[in-house]
Amino acid sequence: MPAVSATAPGKVILFGEHAVVYERPAIAVPVTQVKARTIITANPRGKSGVLHIEAPDIGLEADLQNLPHEDPIAAAIHSILKALIVKRVPTCNLRITSTIPVAAGMGSGAAVTVSIIRALSAYLGHPIDDEKVSAMAYEVDKLHHGTPSGIDNTVITYRVPVFFIRNQPIQTLDVPQPFTILIGDSGITSPTATTVSDVHRAWQTNRDYFETMFDAAGQIALAARDAIENGKPEALGPLMDNNHELLQDMGVSSSELDLLVNAARSAGALGAKLSGGGRGGNMIAIVTPESAETVARALHDVGAVGTIISVVGK
Ligand code: PMV
């Protein structure tokens with residue numbers, strides 16, 4: 001049987017992280033410069049019914065039967081075998097690689113899951129549709145996150161800009177006027193589950209204040225959708241600045257992220273904010289094609305360990 005391979009992109013949240021967990025709208029876009037890839041090859045000389053997994057980026061090499069069911073990679077594989085009613089585990093090698101920074105707000109966990117689901121279902125001769133891929137990836141994401149909103153699995157599965165509201169059907173975004181974003185990596189790993197549970201605790205003790213902030217973030221996402229769909233991406237700059245201020249008040253920024261955000265603005269970005277769970281990971285800025293390189297250099301100067309320039313809507 002020939003090798004089967006599938007990829008899934010990274011993502012960034014442009015507006016509305018954290019508030020989206022509380023059913024306010026958010027906007028996310030795929031980032032195709034980074035991706036997770038799963039390659040499956042038959043293993044005719046392997047022990048029958050043994051699926052061997054290699055994920056060199058995280059130092060994992062194991063047979064499926066030796067991984068706990070709640071391991072996210074094992075969970076993704078089991079969910080496909082179950083959905084396709086496969087009784088006998090296929091004798092094959094499954095190799096996972098990824099260029100998406102881990103625990104950095106770029107959806108690496110969801111992308112790995114989506115690439116496994118797509119590759120294994122194709123290998124078994126039953127590729128499944130996006131709706132099912134996304135629903136399965138959501139279930140697996142719960143093992144990474146606890147209470148994910150579903151935005152990661154949605155944007156990574158559908159690979160298009162999305163306006164997302166938890167528990168509602170996907171809404172894709174029209175982008176008549178492409179725009180450039182710059183993603184800056186603080187190099188600090190910060191598990192999303194931690195910031196999500198910290199925000200939850202703060203919300204429990206100060207409900208009114210947090211509800212007001214979530215409402216404000218939701219209004220920003222609505223205004224951003226209008227700006228994007230009406231071809232006015234320059235209006236996104238101030239909206240990003242306002243969203244960052246709310247995230248600071250929610251307690252999920254950090255001195256390193258603030259430093260990067262301020263450096264981006266000083267170097268000519270139209271606006272900037274942290275992106276994703278926060279306290280580390282990535283920040284994003286709206287830039288012009290002309291200013292992108294200058295702003296990227298400014299981020300490196302204050303400690304960014306990596307930058308990606310990405311055009312949304314191309
Ligand atoms: O980009 P990530 O994977 O760190 O996503 C975080 C987004 C949150 O809104 C904080 C959580 C969620 O599930 O939506």
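Counting convention: from 1, in listed order, for ligands and their atoms alike.
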Indicate yes or no for a side-chain donor-acceptor contact from Thr38 to the backbone of Ala119 under 3.5 Å, with no hydrogens or angles considered.
-> no

Is the shortest side-chain N to carboxylate O distance from Lys273 to Asp241 below 4.0 Å?
-> no

In terms of atom number and element, which parts of ligand 1 are under 4.0 angstrom from non-hydrogen atoms of Thr192?
-> 2 (P), 3 (O), 4 (O), 6 (C)

For atom 14 (O) of ligand 1, what's the nearest protein heavy atom and its distance?
-> Ser149 OG, 2.5 Å

Should you measure from each heavy atom of Gly105, which atoms of ligand 1 turn up under 4.0 Å away?
-> 1 (O), 2 (P), 4 (O)

Taking 4.0 angstrom as the limit, do Arg279 and Asp198 come out as a salt bridge?
-> yes

Per-residue contact class, Asp152 against ligand 1 - non-hydrogen pairs under 4.0 Å | side chain

Which of parallel (below 30°), tilted (30 to 60°) and perpendicular (above 60°) describes Trp203 and His200?
-> tilted

Any salt bridge between Glu23 and Arg166, counting N to O under 4.0 Å?
-> no

Applying a 4.0 Å heavy-atom criterion (strictly less than), which segment of Ile13 is in contact with ligand 1: side chain, backbone, both, or neither?
-> side chain

Decide whether a cation-pi geometry holds between Arg225 and Phe163; the criteria are a distance under 6.0 Å from NZ or CZ to the six-membered ring centre and an angle within 45° of the ring axis.
-> yes

Give a yes/no verdict on whether any heavy atom in Arg166 is under 4.0 Å from an atom of ligand 1.
-> no

Before signing off on this row, confirm whether Gly107 and ligand 1 have an N or O atom pair separated by under 3.5 Å.
-> no

Can Phe164 and Val20 be said to form a side chain to side chain contact (heavy atoms under 4.5 Å, CB included), step by step?
-> CA-CA 8 Å; Phe164 178 86; Val20 68; 3.6 Å; yes

N or O contact, Thr147 vs ligand 1, cut-off under 3.5 Å | no

Among protein heavy atoms, which sits nearest to atom 1 (O) of ligand 1, and what does the distance come to when rounded to 0.1 Å?
-> Lys11 NZ, 2.5 Å

Test of proximity, Glu17 against ligand 1: N or O pairs below 3.5 Å = no

The option among Val21, Asp141, Leu247, Asn282 carrying the non-hydrogen atom nearest to atom 11 (C) of ligand 1 is Val21

Of the protein's non-hydrogen atoms, which lies at the shortest distance from atom 8 (C) of ligand 1, and what is that distance?
-> His18 N, 3.9 Å

A student checking ligand 1 against Val20 at a 4.0 Å heavy-atom cut-off should list atoms 9 (O), 14 (O)

List the steps, then state whether side chain to side chain contact (heavy atoms under 4.5 Å, CB included) holds for Thr91 with Leu51.
-> CA-CA 5 Å; Thr91 310; Leu51 189 157; over 6 Å; no

Those atoms of ligand 1 less than 4.0 Å from some heavy atom in Ile151 = 14 (O)

Does Asp57 use its side chain to pair, donor to acceptor, with the backbone of Ser98 at less than 3.5 Å?
-> yes

